[in-house]
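A quick write-up on the structure given underneath.
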Amino acid sequence: MNHISQVLWQFLIKWLTNFQLYPPEASKIAPQMDALYFFMVLVSLIGLTIVILLVVSFSILYSKKRHPVAVQIEGSTLLEATWTIIPLGLFLIMFVWGALIYFRVYTPPANAMNIYVVGKQWMWKAEHPGGQHEINALHIPVGRPVQLTLISQDVFHSFSIPAFRVKREAIPGRYTTVWFEATTPGTYHLFCTQYCGTNHSAMIGDIVVMTPEDFKRWLAESTSGMSLAQNGERLFASLSCNACHNGRADSRGPSLANVYGSKLTLTSGQTATADEAYLRESILNPSDHVTQGFAPIMPTYQGQISEDGVIALVEYIKNLDSNYRVDQTLNTTGLLPEGEGRAASAGTKPAGQTPAAKGTVKQ
Amino acid sequence: MSSTIVSLPDQSTARIPKTNFITKENGLLSWLLTSDHKRIAILYLISITFFFFIGGAMAGLIRLELLTPQSDLMATDTYNKVFTMHGVIMIFLFLVPSVPATLGNFLIPLMLGAKDLALPKVNLLSWYLYVVGGIMVLYTMVSGGVDTGWTFTTPLSTHYLNTNVISTGLAIFVAGFSSIFTGLNFIVTIHKMRAPGMTWFRMPLFVWAHYAASILMVLGTPVLAIAIVLVLLERTVGIGVFDPTKGGDPLLFQHLFWFYSHPAVYIMILPGMGVISEVISTFSRKRVFGYTAVAFSSVAIAVFGFFVWEHHMFIMGVSNYSMLVFSLLTMLVAVPSAIKIFNWTFTLYKGSITFETPMLYAFGFMGLFTIGGLTGVFLASSGTDIHLTETYFIVAHFHFVMVGGMLMAFLSGIHFWWPKITGRMYPEKISQLAALITFIGFNFTFFPQFILGTLGMPRRYAAYPPEFQILNVFSTAGATILGVGYLLPILYLTWSLKYGEIAGNNPWQATGLEWQIQSPPLTENFIEIPIMDHDAYDYEWLERQNQKEKEVTSVG
Amino acid sequence: MSDSTAIAQTPHGTHEHPPYQRHHFESMDQQVDATGFAMWLFLLTEIMFFGGLFTAYLIYRNWYFPAFVAGSHQLNIFWGSLNTLVLISSSFTMAMGVWCAEMRKQGALVLCLVLTFILGIGFLGIKTIEYKEKFEKHHVPGLHFSVKSFVDPASDPDIAQYHDKPLRLDMARHTELYFFLYFAMTGMHALHMIIGIGILGFMIFRARAGAYTTGHITFVENFGLYWHFVDIIWIFLFPLLYLISRHG
Amino acid sequence: MSEHQEQHEHHEPDNRDVHDTDFHVVSPVTYIIVFSVLLVLTGVTVLASLFDLNAWNPIIALFIACVKATTVVLFFMHVKYSSRLTKLTVGAGLFTFLILIGMTMSDYFTRAWGRW
Ligand code: HEA
Ligand code: HEA
Ligand code: CUA
Ligand SMILES: [Cu+2]
């Protein structure tokens, strides 16, 4: 008995000292989200109190003992209107307020630094533009908007950082984005919140928020020697993308320099903005959107490049502001024979080419 | 003045009527081949109780596992199977048929003054379909289980699991048709089988609620059926409608699934709301405040319930613009529920209230459903949904509405109509205690989960960071209390079958047609079809009726 | 029963009920009404069941239009049109069957039912021919599906008339989705036909014994509703799958 | 029987839906006309599909299909002569069907707005 009460006691102490009602507010959006949350809590409490107060006081006032004969009342249009309109009004406020926050969370600012995140059963892999990879962790600087571009290699996952109040589904076959700006250095939980199979509950990690200086140091220490764009460049050459996208006047494919962010007109007549998702789709499903003025000859690379590879390519194309680099690689690798352009060929190329051409295709 | 309305016949002389639907025929076959809606209701009652306890045992395992942060009681995939079976059983084999297939089946013909449902054989077929579905689920359990979660998210369920998705899918498909036929039967009955004088606005609100729920069953369930068929085809022949690697869209599955499963949550609550209307009215001796508003709000919930399914997919990559539409419509569908709550509250006003067990459960319903519903609004507001979705906040939300709401309503109804079904009263004191235990245990179990969810604890986690342990311990402790609260009724209700007081026709002095006939009723319900000449919940009519009877007996 | 409500003068109290009136109905009117209404409700569930497939069809046709064009070129308009005619005729004979039952013409009823039966079988027969062709050309999704006809249309003489441009591999793969939807939709439809034909067989048997020419025709009428509904599904499947995507 | 029937109706003028049973027996002439209309429309729709009319192809084909379906529903399925309830039921089915398709499409068609 004594033993049990001690355990209980400790338990209580532990509870009281660690008691929290909501997680730390470590991002810019968190206080805004919490404001709405507490508004809703408040409204709910008031609503609930009204209901409980009415029920309890009517129960006391009109219990059979005190009020033996019921008075029949048909209803009241005025009251009906009241309790239709007031909750409706409150709910509508919540709807508008909520939608504002929703759009804020899912509309990254233009100056955000972009980090790619690939989810797979059962880990998170983050890829920084500088080529730093991390598994089940994400290091970010404080005070800088960070955009995540998420994708899954297999099933739905969901990237959740409760302390930032953000969460976004990683979908197979499609990029999604979310952004945040961390405000307080520290380590926070990263969860996969979408049920994704056996080890769903182990698909967790740490979000490490650092001061800008620390972050710089971390970036320098964890570099793999090759940035994402450089990786992409190697792939670009080894997949012989540059056979068509060489930026020359007679090239078969459109020049990719500065294509990122531009508005393209498709043969279907629609226009499209070339964002990450568009670039990815162009590589994997080129037939879905053919740029005006070009023949639909680009082969699909579906099944030949891993998501990480696509990310590297996208990052490379994003940063391509002139065709100088493409030209450089072209000069070193030489034009590939007609019909080439398969990933498979990359591995079977004869030795003696520049190291830049020896990109590993599947990571 | 006494504080009870119970008016039982003199126990020394009272007898249970010799001929009634239970004693009419004997033998197992007479039950298995019956087409009497009352007997089928009892078959359902037994089978869903069975599955409730299996589902409850699963819940017990979940809570035990979550007592500690590590996954030490069972391996993670076992845990995943356990919560999947818990969800599947509780939803498809317990809550969806709970009130409609038992109380609804039993009462709708009685309340309308009909001899049976319109299609008695189809009704029996529904039960058999249910049983087949149930057996397939049991088969799934013994042959290794399934770990998709009750939502069957593609492509997880189609290409990444090698558990018994197919048998579970088929089970749900079959059980779905059981539900479709029940709903269809109710709609036809309500339209075509009403006794003379029973106009739409003289129907009890219980019937209105079932009418609304039936619409959802008939129109929603087939979409679930086709979604499941597509999943099964994808697993067997690999066709790719939901497979992103073949150009399919995995979100399409969720559209189809939630097109059913959102309306399904109203299938799960509306019949319960019907029960609450009856109970509140009876125990406050008053016509339900704003009868028409309550009736139409049921229909409004049913209609608007079809327009909001996407709120389960807000962060899953749906278009932002359609999110706006669905979020707005979700706000609209919440309003009719609020209307109901307030109308029930005002039914108490100037009533003459007593606090028997059904009423206690009804009070429990009102409090817990209000909390559950309002937290639903947190999730419907797209901004907060980002933070709260896929966490224990949702788990708490839906247990508040499903367990705190519907299960409370179910228990309320079971106690309320127990004397009608069996002819005997349940023991009042201990059942009041059970209601109290349930209420306390419930809050202990699920309230901490709101905080857990806000703190960010994801759902469907076999292991969790240690800082969440304390609240989880609370929750598990509460579940133990809750379990006791649910075991008690089983015990004393069984006891009462033999030892309960004889109830007589109308122990609650309620106004419904079902109370004006003997308990348990005759197989043909009414010797002669009644003519309805008064409104529902007309206590003055009942008074006059009792008066008349007294005169007759004193003269005779 | 002492405290029951006022008792209705049961209008049929003195009448013998017809043998086919079920005990719980007050009148034949009520029974016929109720079963007819139930049949309609059942058809609603069928609409929603097919609704899921139609939704999928619309989405993917919109996404992968070229694949749907190429896929629909593989369908044979002749067989499709013929089947439409067969099915419409069977609907007509069914409608006539209901009329014969109403008019209590036993021989004609049996004839109509038999004709409907034969036309139904005919429909399935033609469908089999079409399915077989798909099977031979490896156009059945999941079973060694081949995109050859789409990446290299010149190799497929059946579609020479359309002068299709070759699809690139990524788009060509999506024809599998088209064929899946083709098989799922026509297959579900065929399943309904098979069930219907089974019931028809039973009805022919009963009709010859005179079961539906006594004035009690609920069964024939409700089956008619089902049969026409299946016809309507085809009325939509035919243009969606065969016709609207012919021109790329 | 019919006398009783009337009495019956008097008892409860407002509580049941109009009976379906006093059905209008549709004459074979109507059926034959409907049948020929269906045949002709099938011909038209096949014919129309042979010409390349761009966006009009699906519109025409679906319009014809709708007309055909409506005729079948109205005449073969007797809805034209049925009670309001039956008409309402058909309407409800159609409505929910359109909700399923329409609201799902509202997601698919607006996804692009934010992306490309
Ligand atoms: C019986 C079942 C039931 C019921 C009735 C409801 C009712 C509601 N639900 Fe719930 N819901 C579920 C069962 C149910 N839900 C389940 C099972 C899930 C999870 C599925 C899964 O993912 O596994 C879920 C998930 C769920 C989500 C998805 C969350 C997510 O995945 O991100 C959302 C989002 O909008 C939601 C909203 C609502 C709303 C707005 C209501 C409304 O209908 C509630 C209306 C009621 C009220 C609003 C209360 C009464 C109001 C008052 C008394 C007024 C108070 C006064 C003032 C405001 C002044 N629910
Ligand atoms: C009607 C629906 C219903 C009901 C009644 C319940 C009842 C309960 N549920 Fe359930 N629950 C769901 C529907 C329901 N649940 C759904 C749909 C999910 C989601 C599944 C998914 O994610 O896919 C879920 C998920 C779910 C979770 C989250 C799991 C996770 O995400 O990881 C938890 C955790 O606490 C939980 C707990 C409980 C508890 C404690 C009860 C209690 O109320 C139960 C109390 C009853 C008893 C305890 C039974 C009493 C009898 C006995 C104790 C006898 C026992 C016998 C033996 C042990 C032999 N449920
Ligand atoms: Cu990944 Cu859960
Ligand atoms: Cu919902």
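Reminder, nothing fancy here: chain letters follow the sequence lines and each chain counts from 1.
With respect to chain B, the highest number of heavy-atom pairs below 4.5 Å among C:V140, C:T35, C:L53 belongs to C:L53. If you tally non-hydrogen atom pairs under 4.5 Å between each of B:G247, B:G248, B:G183 and chain C, the highest count goes to B:G247.
Remark: C:K165 NZ is loosely packed, at most 12 non-hydrogen atoms of other residues, nucleotides or ligands lying under 6.0 Å away.
For a residue to count as touching a neighbouring chain, one of its non-hydrogen atoms must lie under 4.5 Å from one of that chain's; by this rule B:D249 touches chain C with backbone and side chain alike. In this structure, no portion of C:I47 lies under 4.5 Å from any heavy atom of chain B. Proximity to chain C is limited to the side chain of B:L233, based on heavy atoms less than 4.5 angstrom apart. Contact annotation for C:Y64: only side-chain heavy atoms (C-beta onward) come within less than 4.5 Å of a heavy atom of chain B. Interface remark: B:A225 contributes backbone and side-chain atoms alike to the contact with chain C (heavy atom separation under 4.5 Å). In this structure, the portion of B:I180 lying under 4.5 Å from any heavy atom of chain C is its side chain and not its backbone. Neither the backbone nor the side chain of B:A227 comes within less than 4.5 Å of any heavy atom in chain C.
Among all heavy-atom pairs drawn from C:E176 and B:K246, the shortest one is OE2-NZ, 3.8 Å. For the pair C:G52 and B:L256, the tightest heavy-atom approach, listed with the atom from each and the gap, is CA-CD2, 4.0 Å. Residues C:Y60 and B:L252 approach most closely at OH-CD2, 3.8 Å, considering heavy atoms. Contact between B:P222 and C:T45 at its shortest, heavy atoms only, is CB-O, 3.2 Å. Heavy-atom minimum distance, B:L184 versus C:A38: CD2-CB, 3.7 Å. B:L219 approaches C:M48 most closely through the heavy-atom pair O-CG, 3.3 Å.
Looking at heavy atoms from C-beta onward, B:L230 lies in side-chain contact with C:F180 at the 4.5 angstrom threshold.
The aromatic rings of B:H191 and C:F37 lie perpendicular to each other, with more than 60° between the two planes, well past the 30° mark.
In this structure, C:I59 CD1 and B:H255 NE2 are separated by 7.0 Å, a value rounded to the nearest 0.5 Å.
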Set out, in order, the CA-CA distance, both residues' side-chain angles and the distance that settles side chain to side chain contact (heavy atoms under 4.5 Å, CB included) for C:M188 and B:V229, then state yes or no. CA-CA 10 Å; C:M188 284 303 166; B:V229 167; 3.4 Å; yes

